[in-house]
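In what follows, every heavy atom counts, from backbone to side chain, and hydrogens, waters and symmetry copies are set aside. Here is the naming used below: chain letters follow the sequence lines, and residue numbers restart at 1 for every chain.
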2 protein chains.
Amino acid sequence: MPRLARKPSVAVRAAPLRPPAQSAENFRRSRRDRAVETAQDYVEAIADLTGALGEARVVDLARRLGVTHVTVNRTVARLQRAGYVNTQPYQAIFLSAAGRKLAEECKRRHETVVAFLRSLGISEKVAELDAEGIEHHVSPETLAAFERLLKKP
Amino acid sequence: MPRLARKPSVAVRAAPLRPPAQSAENFRRSRRDRAVETAQDYVEAIADLTGALGEARVVDLARRLGVTHVTVNRTVARLQRAGYVNTQPYQAIFLSAAGRKLAEECKRRHETVVAFLRSLGISEKVAELDAEGIEHHVSPETLAAFERLLKKP
DNA sequence: ATAAATATGTAGCCTTAGATACAATTGAAT
DNA sequence: ATTCAATTGTATCTAAGGCTACATATTTAT
Ligand SMILES: [Mn+2]
Ligand SMILES: [Mn+2]
Ligand SMILES: [Mn+2]
Ligand SMILES: [Mn+2]
């Protein structure tokens, strides 16, 4: 089958296509968000566990995140290299100042997303479920809109 | 520093912790969503390109998604193994029946998410940006709520 | 004090998903 | 018919993020 010409006649065009550069930028941002998802989920979990239990242990994180302790171990090592946590062998994991700051932001955003979904009538279970993924893709502008609509419904 | 007891007194508890099983389930779903993001973005892009240009070539997908043609190649091979596309060496990529079905769902969801964000006053640019990530984490219940609110504001 | 259970660490495997560098094929221009 | 540019394919690297199996350390129970 012969390759179609790169610039087909208007008759072939069914729908207008956004310039690929813009589209590519959107996908790139989405992928970048995905790359920092892990760090955000971990620092948020570490903050929660530290608040509730006084410290965050590898096993607690593993149970909480639904992964094995091996995965937690490697990820925590990466978070330490990135400067978000401090930990020593066989010790609990504590957030650095940067980690606490990030955790605060994530916790606030997580709660806003959940509250917003709840305000739409979504059940608590599904709101928590969806928020766990959505939270990482909500820009400041969208977050602000959520907060604004929560104040004045 | 000694390890804290696993069951601290209530005095230590600062905030209530959801049972770890529920939390783990949420994170698991979020990770599963992430794993199918790629397939969804690809079939949606293939459908768009096929509609606009008559066929989807590797270079077009690469430009659209903001990755190299190598990445596209490998991913398309995986999509073919998964039964979403049909393609032969040096030929264009076409969706299978399953691929078309998935693309339809994704397109509809993508548009709903964008329209919903727009209805909150989010700018078109940011709405498109956020939707590209959010769309993959919107459950049927939440999608239905978005659609309902779009009809009767 | 010793033994058992729990927690943590390490080695090595897999998949996805990005990249560069180079090879081969194709389509179009000369 | 030949050449050339664009497209597609392949080899190889890197990193994240999941896993099992096994080793070591620590805490708890006897
Ligand atoms: Mn999350
Ligand atoms: Mn969260
Ligand atoms: Mn997307
Ligand atoms: Mn999309």
Side-chain angles (χ1 to χ4, degrees), chain A residues 1-8 20 24-25 27-42 45 49 53 55-82 84-85 87-94 133 136, chain B residues 1-8 20 24 27-42 45-46 49 53 55-82 84-85 87-94 133 136:
Chain A
M1 207 153 48
R3 183 178 300 177
L4 271 64
R6 294 331 332 270
K7 300 282 186 187
E25 259 322 295
F27 285 114
R28 262 190 264 264
R29 225 264 322 226
S30 187
R31 284 196 299 272
R32 195 164 351 111
D33 289 346
R34 193 177 352 176
V36 294
E37 263 184 52
T38 306
Q40 296 182 350
D41 286 339
Y42 270 70
L49 287 167
L53 306 177
E55 60 176 26
R57 309 287 321 194
V58 171
V59 276
D60 299 317
L61 281 170
R63 269 192 282 266
R64 195 128 203 287
L65 300 167
V67 296
T68 65
H69 77 276
V70 185
T71 300
V72 171
N73 240 330
R74 201 177 352 79
T75 306
V76 166
R78 197 163 42 243
L79 291 180
Q80 187 158 37
R81 283 203 304 272
Y84 289 125
V85 306
T87 180
Q88 283 163 350
Y90 294 98
Q91 299 299 320
I93 299 134
F94 295 98
H136 307 285
Chain B
M1 206 153 51
R3 181 178 299 176
L4 270 64
R6 289 340 323 274
K7 302 283 186 185
F27 285 114
R28 263 190 265 264
R29 225 262 323 227
S30 187
R31 284 196 299 271
R32 195 165 352 110
D33 290 345
R34 192 177 349 175
V36 294
E37 264 184 52
T38 307
Q40 297 182 348
D41 287 340
Y42 270 71
I46 293 167
L49 287 168
L53 306 177
E55 61 176 24
R57 309 287 321 194
V58 172
V59 276
D60 299 318
L61 280 170
R63 270 192 281 267
R64 194 126 203 287
L65 301 167
V67 296
T68 65
H69 78 276
V70 185
T71 300
V72 171
N73 241 329
R74 200 176 353 80
T75 306
V76 166
R78 195 162 49 241
L79 292 179
Q80 187 158 36
R81 285 202 304 271
Y84 289 124
V85 306
T87 180
Q88 282 163 351
Y90 294 97
Q91 300 298 321
I93 299 134
F94 294 99
H136 307 285

_Rounded distance (Å) that lies between atom P of C/dA17 and atom CD of B/Q40_ = 12 Å
*Between atom CZ in B/R63 and atom P in D/dT8, what is the gap in whole Å?*
9 Å
*Between A/N73 and C/dT8, does any side-chain N or O lie under 4.0 Å from OP1 or OP2?*
no
*Let me know the distance between CG of B/L65 and P of C/dT16, rounded to the nearest Å.*
17 Å
*In whole angstrom, give the distance that lies between atom CD of B/E55 and atom C1' of C/dT26.*
13 Å
_B/A24: which residues meet the side chain to side chain contact (heavy atoms under 4.5 Å, CB included) condition with it, sequence neighbours left out?_
B/R28
_Set of salt bridge (Lys or Arg N to Asp or Glu O under 4.0 Å) partners for A/R29, sequence neighbours left out_ = A/D33, B/D130
_Counterpart residues, side chain to side chain donor-acceptor pair (under 3.5 Å), relative to B/Q40 (two or more places apart)_ = B/R109, B/H136
*Specify the separation, in whole Å, of atom CD of A/Q91 and atom C1' of D/dT26.*
10 Å
*How would you list, by chain and number, every residue that makes a side chain to side chain contact (heavy atoms under 4.5 Å, CB included) with A/T71, sequence neighbours excluded?*
A/Y42, A/V67, A/T68, A/T75
*asked:* How would you summarise protein contacts on nucleotides 16-22 of chain D per nucleotide, using B for base, S for sugar-phosphate only and - for none, with heavy-atom distances below 4.0 Å?
replied: SBBBBB-
*Would you indicate, yes or no, if D/dT8 has its OP1 or OP2 atom less than 4.0 angstrom from a side-chain nitrogen or oxygen of B/R57?*
yes
*Scan for salt bridge (Lys or Arg N to Asp or Glu O under 4.0 Å) pairs involving residues 64-82 of chain B, sequence neighbours excluded, and state none if there are none.*
B/D48-B/R64
*For the pair made of CD in B/Q88 and P in C/dT26, what is the distance, rounded to whole Å?*
12 Å
*Check whether any side-chain N or O of A/R57 sits under 3.5 Å from a backbone N or O of A/Y90 as a donor-acceptor pair, and report yes or no.*
yes
*Measure the distance from OH on B/Y90 to P on D/dT8 and round it to the nearest whole Å.*
10 Å
